[in-house]
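Below you'll find the structure, written out as structure tokens, and then a few comments.
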Amino acid sequence: MRCLIRWPLGLDKSAMYYNKPHSPAKSWRFKAMLLILLGCALVLIGRIVYLSVFNQAFLKSQGDIRALRVVPIPAYRGMITDRNGYPLAISTPVSAIWLDPPVFDAEHPQLATLAKLLGMSVAEIEARALKNAHREFVYLKRGMDPVVGKQIHDLGIPGVSVQQEYKRFYPEGQVTAHLLGFTNIDDQGQEGVELAYNSWLAGVPGRKQVLKDRLGRTVADIQTVKQAEPGHNLTLSIDRRMQFLAYQALSD
């Protein structure tokens with residue numbers, strides 16, 4: 001015998017479903033998830049308060065790591081003189097222009113001025129930046145007049161920096177070239193007296209701590225970590241005047 005159940009007129013069947021009480025298991029999972037999220041939020045807030053109030057030194061040290069850099073201080077190479085103290089080889093300050101490709105602004109309005117000061121084209125600068133995009137240091141030009149280096153620094157182009165170096169000059173030119181030899185672009189002896197007495201003439205570079213902005217530009221010098229030690233002067237037994245007469249006679 002079959003039993004028929006009739007729904008009262010005007011009563012929706014779905015109402016019977018929605019009026020059913022919630023499952024205890026679902027209610028428990030919802031509360032557990034809510035407690036977990038609340039706990040994570042409290043942990044994050046507690047960490048922020050701890051770092052901001054009780055452990056400010058940590059935040060400062062992390063900021064310094066990203067802003068402070070230690071850069072070398074070039075050492076002055078000792079002078080070479082003749083027996084009378086006349087300079088035969090002397091180092092003078094010059095500027096080296098280098099590029100930090102990741103932060104270089106290729107759209108900067110002063111880029112054309114930079115190219116003109118460097119004696120390069122804008123395309124050459126952009127090509128060098130693109131070729132070395134994975135590096136943080138690449139030279140654009142070295143051995144430049146410090147006055148020009150100051151002009152480039154004042155342009156304020158992100159990723160373009162200027163540092164001081166030394167370049168070797170020989171007042172007597174070819175007259176003493178075969179004896180003195182020469183140095184490379186890093187002011188290290190390669191031939192002649194420059195090479196034989198390189199350890200005596202070359203100084204010891206120093207180091208200083210500088211503050212840099214987010215674009216890699218030096219904002220201020222913080223402190224000198226180690227002073228650069230200049231090289232020793234070297235006096236030769238030759239007389240530049242007699243050397244010139246000998247050179248002239250051999251040339252004739």
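In this chain, residues are counted from 1 in sequence order. Both backbone and side-chain heavy atoms feed into the values below; hydrogens, waters and symmetry mates do not.
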Begin from the C-alpha positions of Ile80 and Tyr197 and carry the test side-chain contact (heavy atoms from CB on, under 4.5 Å) through to its verdict. CA-CA 10 Å; Ile80 301 177; Tyr197 290 89; over 6 Å; no
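Around OH of Tyr76, the count of heavy atoms belonging to other residues, nucleotides or ligands within 6.0 Å exceeds 12. No more than 12 heavy atoms of other residues, nucleotides or ligands sit less than 6.0 Å from atom CD of Gln227.
Not one N or O on the side chain of Lys167 forms a donor-acceptor pair closer than 3.5 Å with the backbone of Val94. The backbone N or O of Asp187 lies less than 3.5 Å from a partner atom in the side chain of Arg77, making a donor-acceptor pair. Proximity of a side-chain donor or acceptor of Arg128 to a complementary backbone N or O of Leu140 within less than 3.5 Å is detected. No donor-acceptor distance shorter than 3.5 angstrom exists from the side chain of Asn132 to the backbone of Val138, with no hydrogens or angles considered. Remark: side-chain polar atoms of Asp105 are not paired, donor with acceptor, to backbone N or O of Pro158 under 3.5 angstrom. Between the side chain of Ser121 and the backbone N or O of Glu124, at least one donor-acceptor pair lies under 3.5 Å.
Note on Leu155: it clusters hydrophobically with Met120, by side-chain heavy-atom contacts below 4.5 Å among ILVMFWY residues.
Using a 4.0 Å cut-off between charged nitrogen and carboxylate oxygen, Asp186 and Arg142 count as a salt-bridge pair.
Residues Arg241 and Asn84 are in side-chain contact: their nearest non-hydrogen atoms beyond the backbone lie under 4.5 Å apart. Thr113 places none of its side-chain heavy atoms less than 4.5 Å from the side chain of Ile157. Put simply, the side chain of Thr176 does not reach to within 4.5 Å of the side chain of Arg240, judged on heavy atoms.
To the nearest 0.5 angstrom, Met79 atom CE is 8.0 Å from Thr235 atom OG1.
Using cut-offs of 30° and 60° for the angle between ring planes, the His232 and Trp200 rings count as parallel.
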